[in-house]
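A note on names: the letters A, B, ... follow the listed sequences, proteins ahead of strands, and every chain is numbered from 1.
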Amino acid sequence: MSFELTLPASEVSRLRSLQALGILCGFAAGAWLGAAEAPTKLVTIGVSPLVISLIMVVGVFLARWSVPALIRGTSHIRADVRQAPHLIVWAVLAGCLWAVANTMTIFAIRDIGLSVAFPLWNTNSLLGILWGFVLFNELRQAGWTRWFGVLGGALAMFLGATLLAITSSSQGPAVHAMRGISAALGAGALWGTMYIPYRKAYITGMNPLSFIAFFTIGELGMMTSLAVTYTGGPSSLWRELVGAKEVLFWLMLGGFIWVIGDVFQQYAAKYVGISRGIPLSNSNQLWGLLWGILVFSELHGRGASLYLQVIGGSLLMMLGAGAIALSSATGKEQLRWKEAAEREGRRYGVPSDYVEARMAGRQIVGEPKPTRSLWDWSLVVTATGIFLIFATMARVPQMSLHWGPAVALSAAMLVLLVVCGFALWRTTRFN
Amino acid sequence: MPNRDENDQSRRWWSPILKDIHFWVPLIVLLAGLIVLRWIR
């Protein structure tokens, strides 16, 4: 039973377009997610990791409500909640997982450095493959070449991560290396599991822009609890925030950049699944390496063998991710995805026409076209205003930065944003 | 009996969630993550 025999030609063509779109989204996600970690380098100037994570999440919260309001308006959120209200639970749960994982990454960067910590937590893609296979029928009946591509890629990524872990434990500060590696791998485990809620939402038809609106409530709630608990209460947290007011804007900006990357990642998870979408967006490792080495001179003055180990390990991981990305889903596997979607629909009473239309990146028949209301424009204006207030308090941190490479990397990210944003709009109108 | 109806409805809403492994796996990983975070900080 082949793909071509079981689906009309127009649907086959549509699914191929969506797969190509998902792959493009995965690469754009990598660029933006990689850049978002750069502001966390400020941890080296004495700001508490928890404050850094909390303020990034505040930036994320503002962006997660204002960006969707700007793109499509928020009326679609109400429509999605009416169809699948149970997904709010998973969105909030995913937000909590993200907050804990992000906090761990800050500790990891502090203890073993950005360029080494990055590949370690990117082992989350291996977990994503496992969950995709076990829970959502991904890679079922995919054929041995796809399996070889995915498992071979996973093995290459594991070897790359191991090489980098050995590098970090021998070259990093001996007292903190173990803690840093644990933090990075822990973040990988949490992020890898966070893709369960992502995939669950998308095979049930929820719009990524609706999902992230609830996701961010869990994210902000969990992060606030962690910050209050671990800094010794609200008053000491407040003192830390006031003490760090000059860098708060840069951290919020990091959160904002992360959201752009995550929106692309959500579309990748929707259209190519988590077993392929996550390794693709993990190309953020290469971007993180570029930011770390070119902009922050992370490995400056170290021996050539260390450079070779870090670059070799990273390239090995990238090769693995590439092999996984090229193993796109076949017709039989697509049918198994559909079975998983039908199972979700039956379990939670979600109408099948809604699930099918949204899986194909379309609206259901008779569904009103989303429009922006006064409320949406208020969200955009409020979020922009808050960013501007923090920008007036900001000062460029006194740390060694290379502005030339920073501008070049930012320009490359903007090109990807425009190309991928246009492709999404043309193919799905952000459905 | 509006209260009883509301309770039934709430139970109907939660029941499939609590029987869903997709709910328990992320929840357990989250709790484990909180323990690791307490250790590394």
Side-chain angles (χ1 to χ4, degrees), chain A residues 48-50 53 85-90 92-101 103-104 106-108 110-111 127 131 134-136 176 178-187 189-201 203-204 218 222 225-226 229-231 344 346-349, chain B:
Chain A
S48 153
L50 285 156
S53 198
H86 65 285
L87 290 176
I88 294 173
V89 173
W90 273 272
V92 172
L93 194 52
C96 294
L97 284 162
W98 187 90
V100 178
T103 308
M104 285 182 169
I106 314 273
F107 283 103
R110 187 191 63 182
D111 292 341
L127 207 51
W131 295 136
V134 173
L135 301 175
F136 299 109
H176 301 308
M178 195 59 222
R179 206 171 60 181
I181 291 169
S182 304
L185 289 175
L190 267 86
W191 269 334
T193 305
M194 181 184 75
Y195 299 121
I196 295 175
Y198 277 34
R199 191 59 179 156
K200 189 172 188 74
I203 62 167
T204 318
M222 174 57 78
S225 309
L226 289 175
T229 307
Y230 288 138
T231 55
E344 291 298 310
R346 278 195 305 276
R347 182 179 285 164
Y348 291 100
Chain B
M1 303 272 275
N3 277 346
R4 195 172 159 183
D5 283 351
E6 277 171 26
N7 285 342
D8 284 350
Q9 208 166 12
S10 169
R11 211 174 298 128
R12 268 202 299 276
W13 198 78
W14 274 102
S15 180
I17 293 175
L18 295 176
K19 286 178 192 163
D20 194 338
I21 192 170
H22 299 172
F23 172 71
W24 290 105
V25 172
L27 187 67
I28 290 165
V29 172
L30 174 65
L31 295 174
L34 286 168
I35 293 167
V36 173
L37 185 63
R38 194 177 165 80
W39 172 64
I40 59 170
R41 62 174 285 272

- Item | Parallel, tilted or perpendicular: rings of B:F23 and A:W90 (30°, 60°) |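 Perpendicular, since the angle between the ring planes exceeds 60°.
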Heavy-atom pair of closest approach, residues [X] and [Y]:
{"X": "B:G33", "Y": "A:M104", "answer": "O-CE, 3.2 Å"}
{"X": "B:I40", "Y": "A:R179", "answer": "O-CD, 3.0 Å"}
{"X": "A:H86", "Y": "B:I17", "answer": "CB-CD1, 4.0 Å"}

Hey, which of [options] has the most heavy atom pairs under 4.5 Å with chain B?
{"options": "A:T229, A:V89, A:T193", "value": "A:T193"}
{"options": "A:L93, A:L226, A:L50", "value": "A:L93"}
{"options": "A:F136, A:Y230, A:F107", "value": "A:Y230"}

- Kindly compute the distance separating CZ (A:R347) from NZ (B:K19), expressed to the nearest 0.5 Å.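 It is 10.5 Å, given to the nearest 0.5 Å.
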- Message: Do A:M222 and B:L34 have side chains that approach each other closer than 4.5 Å (heavy atoms only, starting at C-beta)?
- Response: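 Touching, per the 4.5 Å side-chain cut-off.
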Select one option (side chain, backbone, both, neither) describing which atoms of [X] are under 4.5 Å from chain B's heavy atoms.
{"X": "A:L97", "answer": "both"}
{"X": "A:Y348", "answer": "side chain"}
{"X": "A:P85", "answer": "both"}

- Query: Looking at B:V36, B:I21, B:V25, B:L37, which one has more heavy-atom pairs under 4.5 Å with chain A than the rest?
  - Reply: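 Option with the greatest count: B:L37.
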